[in-house]
Amino acid sequence: MSDRPSKKLKMDSEAELVAEAAEEHLRTHPHNSRPPTPFTAHDDGEFKGLTKHQTTAEQAEKLENGPKNPFTGGELSQQYFKILKGRRDLPVHSQRQEFLDIFHSTQIMVFVGETGSGKTTQIPQFVLYDEMPHLTGMQVACTQPRRVAAMSVAKRVADELDVELGEEVGYSIRFENCTTNKTILKYMTDGMLLREAMDDHNLAKYSCIILDEAHERTLATDILMGLLKQVSIRRPDLKIIIMSATLDAEKFQSYFNDAPLLAVPGRTHPVEIYYTPEFQRDYLDAAIRTVLQIHATEPEGDILLFLTGEEEIEDACRKISLEGDEMIREQGAGPIKVYPLYGSLPPNQQQKIFEPAPEPLKAGGKPGRKVIVSTNIAETSLTIDGIVYVVDPGFSKQKVYNPRIRVDSLLVSPISKASAQQRAGRAGRTRPGKCFRLYTEEAFQKELIQQSYPEILRSNLASTVLELKKLGIDDLVHFDFMDPPAPETMMRALEELNYLQCLSDEGDLTPLGRMSSQFPLDPMLAVMLIGSPAYHCSEEMLTIVALLSVPNVFVRPASARKRADEAKMAFAHEDGDHLTLLNVYDQFQGDEARVIGLHQWCRDNFLSYRSLTSAKSVRSQLTRIMERNDLQLIGGDYDNPSYYNNIRKALAGGFFMQVAKKKSGSKGYLTIKDNQEVLIHPSTVLSNTSEWVIYNEFVLTKSNYIRTVTNIKPEWLVEIAPKYYNLDHFAPGDVKLSLERVIETVETMKRVNGDKKVKKSSKSSKSKK
DNA sequence: AGAGTGATC
């Protein structure tokens, strides 16, 4: 508390910065004329006499005790007091004063609260009582990695504060802004806060920003941390809290200039960990045996088994069910019910995991047991109460990005220690549990890495780099990432954005780049969309882009693969998968589907209702952004013979870097520039005769595949992207030779046509067939 | 010839 002269000096410059921030705030929020700090409540409200950043836990608790709602002045309900009692039992409550002391003493703090500590619901409320945003006109934001979490926590906290959801407490997620000008506490997805930051570099409307679940290290969280570190200098009045679930908080502390830490214990039951004595060669088989053994020998309680993917899970479910039935017949075991759980499962089937375990076969008989076989989704996104046994083979599918060949792939890889701990914790939510790890203790100690690699190290960064540029960060090379991505990944992203003309040769944002950054899309797709009015097909391109940014619309259940493939062929377009997607959407929006009912129509045609409806929301969001940017909404004339050609040209305008050429005398293709040998993914509708194709993605599974492909003409490419198709930069080979011939032909045609002058009217000709 | 962990704007 000593006021040394040096500090005094610093205070002065800080005051200047505060004034600057206030000015900026005034510019963007002219209605608010209050200085950001210091602030004492003088009006007759409940907070009268309290000074911001000097309140105590006692004062806050007194206000919480009523009789009036301190934030609205309204009456408090019975329900409120009932919940308040429960809140006071949460582990964080006993450390409220300790929290406030640190909060007051520092601009940035790290808060570690393990499962059950109450951090997500309580800490933001602690902040409210100290920041008094309802009196200062500022807001408190709390970010979550997932939409459902943002929504459900906001609802809970609205109840705890006895206010209507969307009024004082609200949430903001994509497609849904549930806040008003009364909102003082806003739960939001981290991606949403990042979007806001792109238009408001100082996040001027917030007086405190809480990043929750920071340990998950999502791309958005990582960028926000880097951004907030910079904003904290420009806005000394902004408080920042980094919340994490793991004890591995030193990394956050040291990143934020040795920010102080507060750790609060969680409230979970102990979980006993068992390891296998030796390495398991076949983890799938070991997992199934372990589940059955638990069922045969362990007391009542449900089982959660972690596997890596849909097929593996469905397979395991079948086997466990079969063997379980045999155990009932032969050993008199209790009944067993097995449920799969993975992301692409329809919601009604996902819900089934919450059904109670089966009843004993006869009264007083052996208790029934529920077994859930799940992907990582049960590690973070979904919590299931009643799990007592966890079986953890130690693997998950993880995204890996290879910048050299620009390939995203999903690899089955060993999980991290943190993940293993998280999985084990799932057994202790309702009572003490057991976790069976199907690897040795030595492997756990020596082979598992501490934390999973953050997403930023495993992703293509094209959209991230564009976002950073839009955030006003010019010097990306020296941007202070918590974990800096590989230089090669950054270079690839910069290069790609330059070819797309989103960045100039100097690395500055171009008007096209600025516009592209407004779309929640991969820059390639954004550029394609922005360019589409020139080909008279922005309506069609909106549909295609929307469908490319939702999960696959084609459903292919293992039990009906052949019928599903036939259903798909009914939508097929001879020129490829993008046009096939367009056909699907047009029919989804058509009369026949409406008459049958969209759900039924989707079932009949093996299409995902969920994906198609979410594509519809994406499409309307993208349409609004097009309108806002005065981009023409225009659909082609279906009867015009060049209708599909225009769409294919527009596709090439975005995908000109993702092109493959058929290898002569082979079923394979070569990607241009990289000369990677690839196959067209078996899911395509395209026959194997197309010479040149553009592809949506390059995936590495059992082989190198290009997926979602459309047949194009090479002369379009050299016209659309002459810079990229500068052949000096191509390695010698088959592709280069073909391109040289193409360019030669194009040049010749230009020369010949140059004399004749191309007729301008050709575009408007609507010749009917 | 043969196939999708999870999430987000």
Side-chain angles (χ1 to χ4, degrees), chain A residues 143-150 172-177 188-199 213 216-224 306-314 341-345 374-382 395-400 408-413 415 419 422 452 454-456 458-459 463-464 466-467 470 516-523 525-526 549-558 561-562 564-565 568 608 611 614 617-618 621-622 625 666-668 678-684 687-688 697 699-703 705-708:
Chain A
T143 68
Q144 298 292 320
R146 282 167 293 279
R147 282 191 225 164
V148 267
S172 173
I173 59 176
R174 188 182 190 182
F175 306 130
E176 205 183 346
N177 181 6
M188 61 205 302
T189 46
D190 45 17
M192 201 71 206
L193 185 60
L194 203 55
R195 282 277 139 185
E196 286 189 7
M198 285 166 59
D199 293 322
E213 315 289 358
E216 286 193 27
R217 302 291 307 277
T218 66
L219 247 172
T221 300
D222 269 25
I223 301 168
L224 279 172
F306 285 100
L307 291 178
T308 62
E310 174 175 345
E311 203 182 312
E312 198 179 75
I313 287 170
E314 293 288 357
L341 176 61
Y342 45 85
S344 57
L345 210 60
S374 172
T375 61
N376 260 357
I377 194 170
E379 200 179 297
T380 47
S381 308
L382 269 170
F395 293 97
S396 72
K397 274 191 188 167
Q398 285 166 32
K399 192 173 73 181
V400 184
D408 257 331
S409 46
L410 279 173
L411 282 183
V412 173
S413 333
I415 59 170
S419 272
Q422 177 76 11
S452 311
E455 211 182 348
I456 199 163
R458 299 183 283 117
S459 310
S463 16
T464 303
L466 195 62
E467 279 165 20
K470 185 73 205 316
S516 300
S517 73
Q518 291 177 43
F519 289 89
L521 294 170
D522 185 292
L525 296 181
S549 42
V550 297
N552 191 2
V553 295
F554 297 105
V555 177
R556 198 167 182 256
R561 284 194 186 145
K562 200 159 165 246
D565 292 346
K568 183 173 180 176
S608 161
S611 283
S614 101
S617 330
V618 173
Q621 188 191 26
L622 298 176
I625 302 173
S666 149
K667 63 181 158 65
V678 294
L679 294 171
I680 296 185
H681 197 275
S683 64
T684 191
S687 67
N688 217 315
E697 56 187 346
V699 289
L700 176 69
T701 48
K702 280 179 184 157
S703 177
Y705 292 109
I706 49 175
R707 187 160 55 194
T708 315

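If you're wondering where the values come from, they're calculated on a predicted model, not measured in any experiment.
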When the distance from [atom1] of [X] to [atom2] of [N] is rounded to whole Å, what number comes out?
| X | N | atom1 | atom2 | answer |
| --- | --- | --- | --- | --- |
| A:Glu312 | B:dA3 | CD | C1' | 14 Å |
| A:Ile377 | B:dA7 | CD1 | P | 4 Å |
| A:Ile625 | B:dC9 | CD1 | P | 12 Å |
| A:Gln144 | B:dG6 | CD | P | 20 Å |
| A:Ile706 | B:dG2 | CD1 | C1' | 15 Å |
| A:Asn177 | B:dC9 | CG | P | 12 Å |
| A:Ile456 | B:dG6 | CD1 | P | 22 Å |
| A:Phe175 | B:dT8 | CZ | P | 10 Å |

Out of [options], whichever nucleotide has its closest atom nearest the side chain of [X]:
| X | options | result |
| --- | --- | --- |
| A:Arg146 | B:dA3, B:dT8, B:dC9 | B:dT8 |
| A:Asp565 | B:dG2, B:dG6, B:dT8 | B:dG2 |
| A:Lys667 | B:dA1, B:dC9, B:dG2 | B:dA1 |
| A:Lys399 | B:dC9, B:dG2, B:dG6 | B:dG6 |
| A:His681 | B:dT8, B:dA1, B:dA3 | B:dA3 |
| A:Arg195 | B:dG6, B:dG2, B:dC9 | B:dC9 |

Passes side-chain contact (heavy atoms from CB on, under 4.5 Å), A:Thr464 versus A:Ser459? Steps please. CA-CA 9 Å; A:Thr464 303; A:Ser459 310; over 6 Å; no
Does [X] reach a base, just sugar-phosphate, or nothing at all? Heavy atoms under 4.0 Å.
| X | answer |
| --- | --- |
| A:Glu310 | sugar-phosphate |
| A:Ser396 | nothing |
| A:Arg556 | base |
| A:Thr218 | nothing |
| A:Ile173 | sugar-phosphate |

Taking only N and O in the side chain of A:Tyr705, is any of them less than 4.0 Å away from OP1 or OP2 of B:dG2?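 For A:Tyr705, the contact criterion (side-chain N or O under 4.0 Å from OP1 or OP2 of B:dG2) is met.
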A:Thr189 side-chain N/O to B:dC9 phosphate OP1/OP2 under 4.0 Å: yes
A:Tyr342 and side-chain contact (heavy atoms from CB on, under 4.5 Å): which single residue from A:Thr308, A:Ile313, A:Leu307 fits? A:Ile313
Please figure out whether A:Phe554 or A:Glu467 has its closest DNA chain B nucleotide nearer the 5' end.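 Between the two, 5'-proximity favours A:Phe554.
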DNA chain B: A:Pro520 or A:Leu341, which has the more 5' nearest nucleotide?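 Final value for this comparison: A:Leu341.
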Between the base of B:dG6 and the side chain of A:Glu216, is there a donor-acceptor distance below 3.5 Å? no
Starting from the C-alpha separation in whole Å, work towards a yes-or-no answer on side-chain contact (heavy atoms from CB on, under 4.5 Å) for A:Glu176 and A:Arg147. CA-CA 10 Å; A:Glu176 205 183 346; A:Arg147 282 191 225 164; over 6 Å; no
Which residues pass the side chain to side chain contact (heavy atoms under 4.5 Å, CB included) test with A:Gln518, sequence neighbours left out?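 Once residues adjacent in sequence are excluded, the partners of A:Gln518 under the side chain to side chain contact (heavy atoms under 4.5 Å, CB included) criterion are A:Ile625, A:Arg628, A:Asn629.
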Any chance CD of A:Glu311 has more than 12 other-residue heavy atoms, nucleotides or ligands included, within less than 6.0 Å?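 No.
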Could you tell me which residues satisfy side-chain hydrogen bond (donor to acceptor under 3.5 Å, both in side chains) with A:Ser413, sequence neighbours excluded, listed by chain and number? none
